[in-house]
**Q** 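Okay, here's the structure, questions in a sec.
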Amino acid sequence: MKEAQARTVYLKDYRAPDYLIDHTDLHFDLEPQATLVKSRLKVRRNPEAINAGEKTLPPLWLDGVDLELLSIAIDGKLLPAQRYHEGEGGLTLDVETPEFELEVHTRIAPEANTSLEGLYLSNGMYCTQCEAEGFRKITYYPDRPDVMSVFTTTIVAPSKYPVLLANGNKVDSGTTEDGRLRVTWEDPFAKPSYLFALVAGDLQYVEDSFTTASGREVKLQLFTEPKNIRKCDHAMISLKHAMRWDEEVYGREYDLDVFMIVAVDHFNMGAMENKGLNIFNSACVLASPETATDGAFQRIESIVAHEYFHNWSGNRVTCRDWFQLSLKEGFTVFRDAEFSADMNSRAVKRIEDVSLLRTAQFSEDAGPMAHPVRPDSYMEISNFYTLTIYEKGAEVVRMIHTLLGPEAFRRGSDLYFERHDGSAVTCEDFICAMEDANNADLRQFRRWYEQAGTPVLTVTDQYDEASATYRLTIAQRTPATPGQTEKPPLHIPVSIGLIGADGRDLPLDDSGKTSTVLNLTEAEQTFTFSNIPHAPLPSLLRGFSAPVKLHYGYSEDQLLFLMQHDSDAFNRWDASRRLAIKALESLQAQYRDGSEMTEPAALIKGLSAVLENAALDPALVAMMLALPSAQELAEECEVVDAGAIIAARKFARNSLANALSAPLLARYQQLDQRKPYRPVADDIAERSLKNTCLGYLCATLDPSSLDLARLQLQRDENMTDVAAALGALVEYAPREEAEKYLGAFYDQWQQDTQVVENWFLLQSGSASFGTLERVRELMQHPAFEITNPNKVRSVISGFASRNFTQFHREDGSGYRFLAEQVSVLDKLNPQIAARLVIPLTHWKKYCDHESARMRAALQGIMDAGELSRDLYEVVSKSLA
Ligand code: 0A1
Ligand code: ZN
């Protein structure tokens, strides 16, 4: 792709489709190199697209990529060549009647498909990925989400593929004359092509059932390769929890007779919500206590729920066009986050989500690919499955929930589902439903959908003793982003409380409430509180009520006070984070000045109190102890000096470890109870604190601490404890010994794909172990596969995104390595290449010598030759 070929799609150009497809009948004859696809479409002129006085029918456009066209027939008659034209990305047909049946035969080669879009093979199993624009790699079709059709799918395959699946309910099966298997599926719910799915393989399954609130029995099946059949239980339990929760919290029932999940090893993303047939990346669905960590168990629970929730927020009500992607993704992430909060600890889930937002979404919002929650243009839609669409989109929905309150929000969602069931709609429709159901006014709030960038709030306050009045002044400003310089003020819900000298929340009004949501709508606004008996300490943005950066001049003592007393668990944690960032920033400054680094005394004091507070949730203690990651610190800097960040973190970690070794050891020992593994919130919390303590203890390099890790590894009780012990040993034990443990671990688990992926990641992401040489060695390992995105992520992204120390090595070799791999991958899988390159795209934020080398690496990619549209968009925008 060179500049001249780059096309940009604009929201303002949206037009309703000229033709609708009432019925889609597909027939697949599966062969690895030559799959025959026959499609029969009932086509009808879209009444809404007819222009007044229209005399001739417009041509029909069908998207199609990498297809071999065999024949086209209309109403049973072969179409002569002069009535259609094959062009770039599709086919144009001359149309003579407003309604007709179109039959198209094409041939495709799933075996040669390494892009993992359309129909492809994963470990000998056929599977599909059609979102966003993959269906056009299967057959010619109006591949856009506002064309919704009822589908019937027949699959014919050799008998070595006994399991043949597609969307909907199975309606027929048999054997062909030549002994192949044949199955027909019918999906009665009209859907866009991006929700189509097909699977064929030698699979086993576990089965369960669910009775819906109205008493219908639904069959639940989870399919996997036979070797993984014992790793399905957790996903099945999570699915049933999600089904019940969606009935209770949103009044949404499941609608087909069967709900199927299939695990595949080769997958570009986490999972896909195809109607009735969800396809999952194996790593996001398979787990057992011996092989998966607590983190993996929780991730599976939330992704299973996310995909299930899409059945309503995405499938029954879908997106009109891809600019509306956050309509389904932001809403569904909000739904899955609330589900996880209800299933586990609400505060812990919120802290995890906000950490991700601050680390990765804020940096996206400040970088060259910054875009609004509803973008207004794109070159390649696959590049817009971003943290902004998903996570910031979820924050926007959460703010509506905060502004309206839970009951009103539910009235709004009920109206949204009722009004739009079976149609393809816009973010505007979602907001309208929220307004109409509640007589609410969200006019100014809509700017959240249009405006990119992270707003910055600056807060000052003033207490007047004579009138017992407290005033909070909040100013908002959103920095410019590419293509958007003017940023009018947003409507921002700011949840706050005021804390008295005794550490208790002060009542804010006569009703006695101690938390309130301020409606910030102007560039600067003052809020006044009366009858405040003495100068309070404000607790600002409780629960992170808006996706913003907030500045208030907290002193160290005030932060220590909040860490102890804030009734809002999120803000207690946030106070510890502010304290840690203050400490790490002054250490970075000392490092840059060449002065001696000094112990972070206030942080040590605060964390010591936290560690000894037995009443605090151990998971919260663990999160307060954990220092912000290097990436998160980079996000906080005006100009990033990677070397200073690394040195400051290392110094702070060692100081904390040494100063707190006694309480860390006491906590470790107290929590090191040997009980049967259960992936439930209380136990997960205890393991997380125990293993956080272990990591710190090992950082002291004290031999008896390393012994604790050795013993924990040897006991081999569950993967959470094993991975934590191995991680600590890889970082802190003598090199030879660490190599021995890594080797033994691989020998033990080499048959298990998910464990091997984590084994790769443990090395590539390690500051001491994951050198470039090591990463190159891992890429030669027999278990590495460049065509498998999980392997690429665990080795190459592990190095580029998690291993700040080695990736930012001064000689720039880390940057050049990444550029080289991106160019290789672009030929195989453009979506993965375009994601892999992201760490380089933030070059403008780095200090001169790092920045220049990062830019040079990017330029090298650009100069290397033809780029895919995916990669071209990201690289060209970041060089601009
Ligand atoms: N809709 C899915 C995410 C997804 C998007 C694109 C994919 O392939 C390019 C695959 C999955 C979700 O939100 O879970
Ligand atoms: Zn989704």
Side-chain angles (χ1 to χ4, degrees), residues 65 113-120 122 127-138 143 145 167 191-197 199 235 238-239 242 246 261-285 299-319 322 324-340 353 373 378 380-394 397 789-790 792-793 825 828-836 868-871 873:
V65 170
N113 181 355
T114 57
S115 71
L116 314 187
E117 279 182 291
L119 178 66
Y120 64 92
S122 172
C127 60
T128 54
Q129 173 52 41
C130 295
E131 188 176 6
E133 298 182 334
F135 193 74
R136 62 190 62 187
K137 290 186 151 192
I138 294 178
D143 190 14
N167 317 86
K191 65 168 176 289
S193 50
Y194 83 85
L195 289 172
F196 170 80
V199 168
S238 304
L239 174 62
D246 213 17
I261 290 178
V262 182
V264 305
D265 280 353
H266 296 70
F267 204 73
N268 281 348
M269 309 274 274
M272 179 63 212
E273 70 263 24
N274 317 298
K275 182 77 188 188
L277 177 56
N278 286 188
I279 296 184
F280 272 64
N281 185 326
S282 299
C284 298
V285 62
R299 190 175 68 212
I300 289 167
E301 180 182 66
S302 87
I303 301 182
V304 166
H306 178 99
E307 305 310 327
Y308 174 73
F309 295 154
H310 267 316
N311 190 52
W312 275 96
S313 48
N315 301 3
R316 291 286 288 255
V317 181
T318 194
C319 302
W322 291 120
Q324 318 297 331
L325 183 56
S326 197
L327 171 73
K328 73 179 177 83
E329 297 305 348
F331 187 22
T332 305
V333 171
F334 172 69
R335 276 150 58 66
D336 85 53
E338 285 296 291
F339 166 74
S340 294
D353 289 350
V373 166
Y378 60 76
E380 171 51 61
I381 185 57
S382 301
N383 288 331
F384 284 75
Y385 286 78
T386 58
L387 286 130
T388 300
I389 301 293
Y390 277 69
E391 314 303 325
K392 186 174 180 180
V397 175
N790 287 3
V792 170
R793 279 185 278 258
L825 266 153
L828 299 166
N829 187 330
Q831 280 184 15
I832 296 297
R835 279 177 187 268
L836 203 63
S868 67
R869 181 168 36 231
D870 308 59
L871 186 58
E873 175 168 33

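When reading the values below, keep in mind they use all heavy atoms of this one structure, side chains included, and skip hydrogens, waters and symmetry mates. Remember, it's 1-based here, ligands and their atoms both numbered in the order they're listed. Numbering starts at 1 and runs along the sequence shown.
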**Q** Which atom, among the N/O/S set of His306, is closest to the Zn ion (ligand 2)?
**A** NE2
**Q** Below 4.0 Å from any atom of ligand 1, which residues have a heavy atom? Give them in chain and number order, please.
**A** Gln129, Glu131, Met269, Ala271, Met272, Glu273, His306, Glu307, His310, Lys328, Glu329, Tyr385, Tyr390, Gln831
**Q** Residues two or more places apart in sequence or in another chain: which of them pass side-chain hydrogen bond (donor to acceptor under 3.5 Å, both in side chains) with Asn278?
**A** none
**Q** So Asp265 and Asn790, do their side chains get closer than 4.5 Å, heavy atoms only?
**A** no
**Q** Quick one: salt bridge (Lys or Arg N to Asp or Glu O under 4.0 Å) partners of Glu380, sequence neighbours excluded?
**A** Arg869
**Q** Would Arg335 count as a cation-pi partner of Phe331, with NZ or CZ less than 6.0 Å from the six-membered ring centre and within 45° of the ring normal?
**A** yes
**Q** Go through the structure and list residues passing side-chain hydrogen bond (donor to acceptor under 3.5 Å, both in side chains) with Lys275, not counting sequence neighbours.
**A** Asp255, Asn311
**Q** Within a strict 4.5 Å, meaning less than it, do heavy atoms of the Lys392 and Leu387 side chains meet?
**A** no
**Q** The Zn ion (ligand 2) to Glu329: any N/O/S contact under 2.8 Å?
**A** yes
**Q** Which heavy-atom pair separates Ala263 from Val285 by the least distance, and what is that distance?
**A** CB-CG1, 3.6 Å
